[in-house]
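Notes follow once the structure below has been shown.
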Protein chains: 2
Amino acid sequence: MASYKNKKVITIGIVSELTGLTERKIRYYEERKLIFPDRSSGGTRKFSFHDIELLMDIAEKMEDGMQTFEIRKQAKRAETEFEAKNRMRRGQLNAAFNMRKG
Amino acid sequence: MASYKNKKVITIGIVSELTGLTERKIRYYEERKLIFPDRSSGGTRKFSFHDIELLMDIAEKMEDGMQTFEIRKQAKRAETEFEAKNRMRRGQLNAAFNMRKG
DNA sequence: CGTGTAAGGAATTCTGACACG
DNA sequence: CGTGTAAGGAATTCTGACACG
């Protein structure tokens, strides 16, 4: 599942081509913690296709005048909600399981 | 469809890590026309995840003592069969379509 | 035939800084 | 704040060749 999409294997030059963003912008968005590329042993950044999609979303929001800290805040909120939903789902599954057991 | 799997975006160093093959071997298999990476404007090879899977198949066959020209022949044959199947399927579809059309 | 290696050069990427606004 | 750019260096990749077998 998600085997290709989340593998960090793409260098910044190709990400730049695919997204249309300059390398400068991509590095800056990393600095602002909007994306989290891996690094090779030599220090070269490695991105996933998921990162590329994220960058295109980010680019759109930047064009709409949003600032990096807002985008970051939004992303964090979305992630928190996601985790809450997961906890809730697991809770319900456990409840159902205990019902049957009990 | 196949959006990520066939995009040529991965450099040889990472392909080497992912497949466990040396760069030398990967370049040689290209020379023998077993794989067909793209090139950047500067000449750097770019591979897809599909290429990586191919390389792992190739590696296995090499370990079994198969020679590159045999592997190539086998690949060509498989491709020919694949295309024949496609032509046949299209032919049947057309026939069915013409039937209905009367 | 298939692969390792040393060689020299070119393409790619990295960081920190200055600039502008 | 967000981004361009020139600077210098380091990591990455490329090709052609020699070696061995």
Side-chain angles (χ1 to χ4, degrees), chain A residues 7-77, chain B residues 7-52 54-76:
Chain A
K7 281 231 160 181
K8 309 254 181 182
V9 296
I10 313 175
T11 51
I12 197 167
I14 292 172
V15 173
S16 173
E17 279 179 27
L18 261 40
T19 60
L21 297 169
T22 62
E23 299 186 6
R24 179 66 167 100
K25 286 183 179 181
I26 296 168
R27 293 194 188 102
Y28 182 65
Y29 298 154
E30 179 193 19
E31 183 186 322
R32 300 311 309 270
K33 300 195 184 303
L34 302 182
I35 48 172
F36 304 91
D38 278 359
R39 298 282 181 139
S40 75
S41 57
T44 302
R45 268 168 272 252
K46 298 186 294 184
F47 301 81
S48 66
F49 281 113
H50 178 63
D51 291 330
I52 288 176
E53 292 187 1
L54 266 181
L55 280 168
M56 300 183 76
D57 288 346
I58 292 167
E60 204 178 322
K61 287 170 185 168
M62 293 297 288
E63 280 169 25
D64 293 347
M66 211 177 299
Q67 287 188 310
T68 56
F69 82 92
E70 295 178 282
I71 297 175
R72 175 157 159 66
K73 210 166 34 171
Q74 201 180 71
K76 276 198 141 178
R77 202 181 322 126
Chain B
K7 282 231 158 180
K8 307 255 181 182
V9 296
I10 312 177
T11 50
I12 198 168
I14 292 170
V15 173
S16 173
E17 280 179 27
L18 262 40
T19 59
L21 297 170
T22 62
E23 301 186 5
R24 179 67 166 99
K25 287 183 179 182
I26 296 169
R27 293 194 187 102
Y28 181 65
Y29 299 153
E30 179 192 19
E31 184 187 322
R32 300 310 310 268
K33 302 200 183 301
L34 302 182
I35 47 171
F36 304 92
D38 278 0
R39 296 283 181 141
S40 76
S41 57
T44 301
R45 268 169 272 251
K46 297 186 294 183
F47 301 81
S48 67
F49 281 112
H50 177 64
D51 291 329
I52 288 175
L54 268 182
L55 281 168
M56 298 182 76
D57 288 347
I58 293 167
E60 203 176 323
K61 287 169 185 168
M62 292 298 288
E63 280 169 25
D64 292 348
M66 210 176 298
Q67 286 188 310
T68 58
F69 83 91
E70 295 178 282
I71 296 175
R72 174 156 161 67
K73 210 166 34 172
Q74 200 180 71
K76 276 198 141 176

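Residue numbers begin at 1 in each chain, while the letters A, B, ... track the order of the sequences.
- For C:dG2, the OP1/OP2 oxygens have no side-chain nitrogen or oxygen of B:Tyr29 closer than 4.0 Å.
- As a whole-Å value, the separation of A:Lys46 NZ from C:dT13 P is 14 Å.
- The two atoms that bring B:Ser48 and B:Ile10 nearest to each other are C-CD1, 4.2 Å, heavy atoms only.
- Closest to the B:Thr68 side chain, of the nucleotides C:dC14, D:dC14, C:dG2, is C:dG2.
- Dashed line: the shortest gap from a side-chain N or O of A:Arg32 to OP1 or OP2 of D:dG2 is under 4.0 Å.
- Annotation: side-chain contact (heavy atoms from CB on, under 4.5 Å) contacts of B:Arg32 (sequence neighbours excluded): B:Tyr28, B:Leu34, B:Thr68, B:Phe69.
- For the pair A:Asp38 CG and C:dT13 P, the computed distance is 16 Å after rounding to whole Å.
- Looking at every heavy atom in both residues, A:Ile35 comes nearest to A:Ile26 through CD1-O, 3.6 Å.
- The shortest side-chain heavy-atom distance between A:Val9 and B:Phe49 falls under the 4.5 Å cut-off.
- Applying the 4.0 Å criterion to OP1 and OP2 of D:dT12, one finds that A:Ser40 has a side-chain N or O inside that range.
- Note on A:Thr22: every side-chain N or O is 4.0 Å or more away from OP1 and OP2 of D:dT3.
- Nearest-nucleotide positions on DNA chain C for B:Met62 and A:Arg24 put B:Met62 closer to the 5' end.
- The interatomic distance linking B:Ile10 (CD1) with D:dT12 (C1') rounds to 16 Å, in whole Å.
- Protein atom OH of B:Tyr28 is 16 Å distant from nucleotide atom P of D:dG16, rounded to whole Å.
- Looking only at distances, no side-chain donor or acceptor of B:Asp57 sits under 3.5 Å from a matching main-chain atom of B:Leu54.
- The side chain to side chain contact (heavy atoms under 4.5 Å, CB included) with A:Ile58 is formed by just one residue from the set A:Met62, A:Met56, A:Glu60; it is A:Met62.
- In this entry the distance linking CD of A:Glu30 with P of C:dG16 reads 12 Å, nearest Å.
- For B:Lys61, the side-chain contact (heavy atoms from CB on, under 4.5 Å) test picks out B:Met66, B:Ile71, B:Gln74, with sequence neighbours left out.
- Computed from coordinates, the B:Arg39 CZ to D:dT12 C1' distance equals 14 Å when rounded to whole Å.
- For the pair B:Thr44 and D:dC14, the criterion of a side-chain N or O lying under 4.0 Å from OP1 or OP2 is not met.
- Using a 4.0 Å heavy-atom criterion, one finds that A:Arg45 contacts the sugar-phosphate atoms exclusively.
- Helical stems in DNA chain D, defined as runs of 3 or more consecutive Watson-Crick or G-U wobble pairs with donor-acceptor distances under 3.5 Å: C:2-5 with D:17-20, C:17-20 with D:2-5.
- With the nearest nucleotide of DNA chain C identified for both A:Arg27 and B:Lys25, B:Lys25 has the one nearer the 5' end.
- Both A:Ser41 and A:Phe69 lie near DNA chain D, and the one whose nearest nucleotide falls closer to the 5' end is A:Phe69.
- Note: CD1 (A:Ile26) to C1' (C:dT13) measures 12 Å, nearest angstrom.
- Two residues, B:Thr11 and A:Gln67, neighbour DNA chain D, and the one matched to the more 5' nucleotide by heavy-atom proximity is A:Gln67.
- Shown here for B:Asp51 and B:Pro37, the closest heavy-atom pair between the two residues is OD2-CA, 4.5 Å.
- For the pair B:Glu23 CD and C:dA6 P, the interatomic distance rounds to 14 Å; values are reported in whole Å.
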